Amino acid sequence: MKNYLHGKRGVDLLHDPLLNKGTAFTDAERDALGVRGLLPPRVHSQAEQVHRVLESFRRKTSDLEKYIYLISLQERNESLFYRVVMDNLDEMMPIIYTPTVGQACQKWGHIFRRSRGLYITPSDRGRIVQLLRNWPYADVRMIVVTDGERILGLGDLGANGMGIPVGKLSLYTACAGIHPAQCLPIMLDVGTNTESLLADPLYIGTPQKRLRGLAYDDLVDELVKAVQQMFPQACLQFEDFGNANAFSLLHRYQDRICTFNDDIQGTAGVTLAGLYSASRLSGVKLTDMRILFYGAGEAGIGIGDLIVDALKAEGVSEATARRQCWFFDSKGLVVASRTDLVEHKLRFAHDHAPEKDLAAAVAALKPHALIGVSGMAGAFTEPVVQVMGKLNQRPLIFALSNPTSKSECTAEQAYTWTKGRAVFASGSPFAPVTLDGRTYVSGQGNNSYIFPGVGLGVIASQASRVTNEMFFVAAKTLAGLVTEGDLAIGRIFPDLTRIREVSTAIAIAVAETAFNRGLARQIRPADMAAHVTGQMYQPDYEHYL
Ligand code: NAD
């Protein structure tokens with residue numbers, strides 16, 4: 001008997017989601033593994049099971065019900081879950097990740113069924129290694145950790161934010177084939193300042209105010225050290241931390257351990273790729289582009305920093321590159337004369353008169369691209385978009401705030417207000433828009449185009465660090481996969497159905513970068529493509545006999 005069963009039989013086998021095949025256990029397996037009689041008699045193929053799952057899934061009347069159904073399937077039978085998700089990604093991704101995962105997090109305590117991942121609280125100080133030891137899988141390679149302070153654009157959801165690491169890791173597996181047993185979701189439950197959660201008797205987290213200061217930093221530090229001790233090959237991805245912690249944690253750890261922050265660096269990768277593709281439509285090269293960001297937080301500054309790296313790689317000086325990026329935050333245009341700017345905004349604070357009105361700032365700066373990363377729904381009003389349309393033959397309008405309800409404008413508004421000339425991308429998906437008989441398919445600046453491939457490349461090379469260069473390389477690779485056909489319908493990213501191909505290409509490029517920079521902790525394989533693809537999980541059932 002193959003050793004991946006770890007001696008499991010009978011009910012234990014059926015209750016292990018990584019091994020369970022449900023009605024797909026063959027007759028011979030049912031006898032040999034002690035599950036005869038524990039299953040209905042008819043043996044079904046995985047394809048038939050998929051048919052049943054899709055039927056039940058599509059019968060659900062709300063997206064949240066669909067989410068609950070899929071998560072329950074994941075808890076029973078991971079291969080089937082991934083088969084369904086991977087073969088129907090367009091339909092499933094908005095359910096297992098943004099936007100539906102946002103609703104799920106808001107109601108997490110109310111829809112909670114079975115625990116997944118690790119919860120670590122301040123009372124675990126001094127014993128985090130022991131908690132990691134409780135995790136049933138030894139070869140962890142990808143960890144997503146959040147403290148739930150800034151879940152999507154929904155704010156502080158405390159321990160309810162666990163839906164994010166769970167969902168994100170599902171995407172690592174579905175999009176890039178990182179084995180589910182190598183993925184570990186962690187909730188660092190340091191409390192919440194959201195009163196409605198503190199007052200909710202079904203809230204699953206520690207019902208206390210957020211831990212701050214040194215005690216918080218020490219807890220994170222212990223987690224980082226414990227991860228290095230227990231899972232030395234793992235990459236630790238920080239996700240949906242509040243803005244101040246996100247920047248300071250990245251700054252503290254990025255040169256010390258294998259880590260990255262997807263909100264900052266992954267977002268930057270996908271947006272840079274979008275700008276490269278959009279420039280093929282607008283004819284304005286990145287080196288000539290002026291970009292105005294509405295929102296100067298993790299996403300905005302991360303994108304700005306990567307654009308500066310990209311421009312420097314094309315020979316532009318750092319000072320010039322920075323002046324191509326302008327920011328507008330909740331207090332107005334980010335300018336040098338302001339005295340209220342936090343550290344990460346200072347490098348983009350240029351000399352200019354203060355300006356509190358976005359449309360006026362657009363008119364004054366004449367940007368080629370307007371990128372919304374503010375979480376402020378509707379901020380791209382008709383006058384704002386119209387000024388962009390007057391200034392540019394093909395204005396680049398990226399309304400990236402998530403979930404859909406937070407988008408700075410809708411696809412329909414962007415196309416209508418520019419008479420179809422906008423090159424539009426959003427954070428959450430929008431349905432195609434038909435205007436004057438022409439249909440526009442907007443791009444979703446979905447981080448899933450970038451982080452799974454980067455993660456796979458890091459794992460495949462056993463990279464000791466995740467560098468900004470890797471995100472630059474990932475962005476270039478992604479942009480290179482956008483076809484003329486994509487651009488013809490207005491889409492600046494490849495079709496999501498190509499995600500495995502995209503992730504594989506990015507992983508190869510990232511792994512090459514790790515080897516070129518001396519960051520790989522293994523011998524360079526002769527055939528990198530075969531090396532990368534050979535590691536990718538496929539959700540096919542194992543034959544146990
Ligand atoms: P953040 O909290 O770090 O930053 C938000 C920024 O918006 C801050 O600079 C804040 O000053 C600014 N802001 C708030 N209100 C404003 C107002 N009225 N006018 C102008 N600026 C205002 O958050 P973040 O991580 O940068 O994320 C911001 C948004 O971007 C979220 O909605 C998130 O979902 C979205 N996002 C999208 C993607 C994607 O599409 N791939 C990736 C990451 C983040």
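Order of listing sets the numbers, starting from 1, for every ligand and every atom in it. As a basis for the values below, the full set of heavy atoms in this structure was taken, side chains included, without hydrogen atoms, waters or symmetry mates. Numbering of residues begins at 1 and proceeds along the displayed sequence. Owing to the predicted nature of the structure, the values given are computational and were not obtained by experimental measurement.
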Please step through salt bridge (charged side-chain N to carboxylate O under 4.0 Å, His left out) for the pair Asp217 and Arg212, ending with a clear verdict. CA-CA 8 Å; Asp217 290 344; Arg212 300 276 186 209; over 6 Å; no
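Distance from atom 32 (O) of ligand 1 to its nearest protein heavy atom, with residue and atom name: Asn402 N, 3.2 Å. Looking only at protein heavy atoms, the nearest one to atom 22 (C) of ligand 1 is Ser330 N, 3.5 Å. Protein heavy atom at the shortest distance from atom 14 (C) of ligand 1 is Ser374 O, 3.8 Å. Of the protein's heavy atoms, Tyr294 OH, 2.8 Å lies nearest to atom 19 (N) of ligand 1. Among all non-hydrogen protein atoms, the one lying nearest atom 25 (O) of ligand 1 is Arg150 NH1, 2.2 Å. What sits closest to atom 41 (N) of ligand 1 on the protein, heavy atoms only, is Asn447 OD1, 2.4 Å. Scanning the protein heavy atoms around atom 37 (C) of ligand 1, the nearest turns out to be Leu400 O, 2.9 Å. In terms of protein heavy-atom proximity, atom 28 (C) of ligand 1 is closest to Val373 O, 3.2 Å.
Side chain of Asp189 to backbone of Thr206: a donor-acceptor contact under 3.5 angstrom is found.
Classified by interplanar angle (parallel below 30°, tilted 30° to 60°, perpendicular above 60°), the ring pair Phe424/Tyr415 is perpendicular.
The atoms of ligand 1 that sit less than 4.0 Å from any heavy atom of Gly445 are 39 (C), 40 (O), 41 (N). Using a 4.0 Å cut-off to heavy atoms of Asn243, the atoms of ligand 1 that qualify are 1 (P), 2 (O), 3 (O), 4 (O). Annotation for ligand 1: atoms under 4.0 Å from non-hydrogen atoms of Leu152 are 34 (O). Ligand 1 places these atoms under 4.0 Å from at least one heavy atom of Thr267: 38 (C), 42 (C), 43 (C). Those atoms of ligand 1 with a heavy atom of Asp329 less than 4.0 angstrom away are 11 (O), 19 (N), 20 (C), 21 (N), 22 (C). Within the listing of ligand 1, atoms 32 (O), 34 (O) sit less than 4.0 angstrom from a heavy atom of Gly153. Those atoms of ligand 1 with a heavy atom of Ala296 less than 4.0 angstrom away are 6 (C), 8 (C), 9 (O). Taking every non-hydrogen atom of Gly375 and a distance limit under 4.0 Å, the qualifying atoms of ligand 1 come out as 29 (C), 32 (O).
Enclosure of atom CD in Glu343 is not indicated, since only 12 or fewer non-hydrogen atoms of other residues, nucleotides or ligands lie within 6.0 angstrom. The environment of Glu412 atom CD is sparse: at most 12 non-hydrogen atoms of other residues, nucleotides or ligands sit within 6.0 angstrom. Annotation for Lys209: atom NZ counts as buried by contact number, over 12 foreign heavy atoms lying within 6.0 Å. Within a 6.0 Å sphere centred on NE2 of His110, heavy atoms belonging to other residues, nucleotides or ligands number more than 12.
Between Gly297 and ligand 1, at least one pair of N/O atoms sits closer than 3.5 Å. When only interatomic distances are considered, the shortest N/O to N/O separation between Glu298 and ligand 1 falls below 3.5 Å.
Residues Phe471 and Phe260 place their aromatic rings such that the two centres sit under 6.0 Å apart.
Contacts between Met376 and ligand 1 below 4.0 angstrom, taking non-hydrogen atoms only, involve the side chain exclusively.
Between the side chains of Gln237 and Tyr172, at least one donor-acceptor pair of N or O atoms lies under 3.5 Å. A donor-acceptor contact closer than 3.5 angstrom is absent between the side chains of Thr146 and Asp240.
Counting heavy atoms from C-beta outward, Lys366 and Arg290 have side chains that approach closer than 4.5 Å.
Considering each of Gly295, Gly427, Ala299, the one bringing a non-hydrogen atom nearest atom 12 (C) of ligand 1 is Gly295.
Taking 4.0 Å as the cut-off between side-chain N and carboxylate O, Asp329 and Lys331 do not count as a salt-bridged pair.
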